[in-house]
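Each remark here refers to the structure printed beneath this line.
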Amino acid sequence: MKSIRVIIPIVSFLAVSIFLYKGLFSDPTDIKNANVERQFPDFNLPDLMDENLFYQKDSVKGDYTLVNVWGTWCVTCRVELPYMTRLRQEGVRIVGVYYDNAADAAFGEVNVEQTRLEVKQMLAQLGNPFQFNIYDVKRDLSLDLGVTGAPESFLVNPEGVIIAHRRGAIDERVWQKEFQPLLNSYSNQAKSQSN
Amino acid sequence: MKEFFKFVIFITSVFASANLLAVEENYPFESEAKRADFEALVQELRCPKCQNQNVADSNSLVAIDLKNKTYQLVQEGKTKQEVVDYMVQRYTQFVHYDPPVNHVTIWLWIIPGFICIFLVLFVLKRNRTESGSQITDPHIREAEAIFAELEKQSQLKANSNTTQEVDK
């Protein structure tokens with residue numbers, strides 16, 4: 001009986017300490033994206049450069065595709081363009097979702113011609129990693145994807161399921177750690193199936 | 001000249017406040033019920049980008065989009081719960097300031113209640129042991145005997161002291 005009286009406060013103190021200690025190192029901005037392991041949302045949106053060309057969900061299916069939400073107004077997006085261009089050269093399929101600055105858009109219609117010009121200049125300067133760019137006109141696709149800002153990237157598998165998500169720039173470290181292993185396991189699976 | 005400046009300041013402040021009203025009018029509603037729903041929703045929806053700000057207070061890009069989407073959904077006649085579900089489906093439970101009771105969050109309600117009950121029981125038990133007399137009659141008699149003995153001794157001591165002082 002007496003030993004229980006001593007143990008109870010010690011155990012509860014330890015439990016509270018561990019709980020608070022873990023809180024010291026938890027990142028409050030690290031919120032899991034709701035769409036991971038779900039199907040890529042449906043959409044019907046025009047090409048950034050050609051308003052008569054439309055893309056649907058099938059456009060990001062079929063092969064492993066990195067969908068990158070970006071905009072010319074976003075500084076971090078500039079940083080990741082050169083590395084992603086290298087990824088494209090290594091054979092990774094990258095599709096852009098162009099995300100207008102909502103604060104600018106709130107002032108009225110965005111000038112698409114101006115945007116196209118800026119995009120062309122920026123990609124010419126820093127490298128073009130994109131097979132094509134989907135223009136998210138009303139940013140509904142970004143909202144369906146649970147995007148909180150730019151850049152954000154989603155890795156979509158051939159069946160159209162989002163298997164990885166990254167908030168912020170993609171650099172070599174992030175790619176090797178979070179994305180490459182998923183692609184490797186896929187190519188291993190494909191090999192074992194063909195055998 | 002001074003009068004003229006006063007007039008200019010007056011006019012500019014009138015226009016400045018008109019501007020503030022215009023911001024509110026960005027989201028016009030035809031029915032008061034819908035306006036109330038919208039106001040309540042932007043208060044209780046949390047901005048996914050910024051910590052500890054709701055959608056109404058935040059000016060981040062995503063908050064602007066969420067405000068617009070909330071407006072659109074309310075205008076389409078969606079109920080408050082439907083709008084919340086729409087947002088939670090895309091932005092997880094993080095986006096709502098009123099989390100649901102489930103097998104994890106239930107502990108937030110159970111543990112404080114449990115601690116309260118425990119403390120009440122603890123205090124009650126302690127009171128009972130203190131007031132409830134466990135001293136039996138033989139003990140009392142024994143104690144009285146000791147007291148009597150002590151008193152006798154101290155009286156003897158006192159007497160001997162006084163006699164000593166007299167001797168001196």
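Chain A is the first sequence line, chain B the second, and so forth, proteins listed ahead of strands; every chain is numbered from 1. The model shown is predicted, which means the values in this text are computed figures rather than measured ones.
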Tell me, for Lys32(A) versus chain B, whether the close heavy atoms (under 4.5 Å) come from the side chain, the backbone, both or neither.
-> backbone
Honestly, the part of Gln93(B) sitting under 4.5 Å from a heavy atom of chain A is neither
In terms of heavy-atom pairs under 4.5 Å with chain A, which of Leu66(B), Thr92(B), Asp65(B) leads?
-> Asp65(B)
So, the side chain of Tyr27(B) versus the backbone of Glu39(B): is there a donor-acceptor pair under 3.5 Å, distance only?
-> no
By a 4.5 Å heavy-atom criterion (distance strictly below it), what part of Phe94(B) contacts chain A: side chain, backbone, both, or neither?
-> side chain
Check whether Asn35(A) gets within reach of chain B through its side chain, its backbone, both or neither, counting any heavy atom under 4.5 Å.
-> side chain
Ring center gap for Phe43(A) and Tyr55(A) short of 6.0 angstrom = no
Just do the ring-ring contact (aromatic ring centres under 6.0 Å, His included) check on Tyr83(A) and Trp175(A) with the steps written out, would you?
-> CA-CA 10 Å; Tyr83(A) 182 70; Trp175(A) 180 261; 7.2 Å; no
Check for a donor-acceptor pair, side chain of Arg90(B) on one end and backbone N or O of Tyr86(B) on the other, with a separation under 3.5 Å.
-> yes
Does the pair Gln114(A) and Glu118(A) meet the rule for a side-chain hydrogen bond (donor to acceptor under 3.5 Å, both in side chains), with working shown?
-> CA-CA 6 Å; Gln114(A) 180 66 30; Glu118(A) 283 171 12; 3.3 Å; yes
Residue Arg167(A) versus chain B: region with a heavy atom under 4.5 Å | neither
Could you look at Asp140(A) and say if it's the side chain, the backbone, both or neither that has a heavy atom under 4.5 Å from chain B?
-> side chain
Are the side chain of Thr65(A) and the backbone of Val67(A) linked by a donor-acceptor contact shorter than 3.5 Å?
-> no
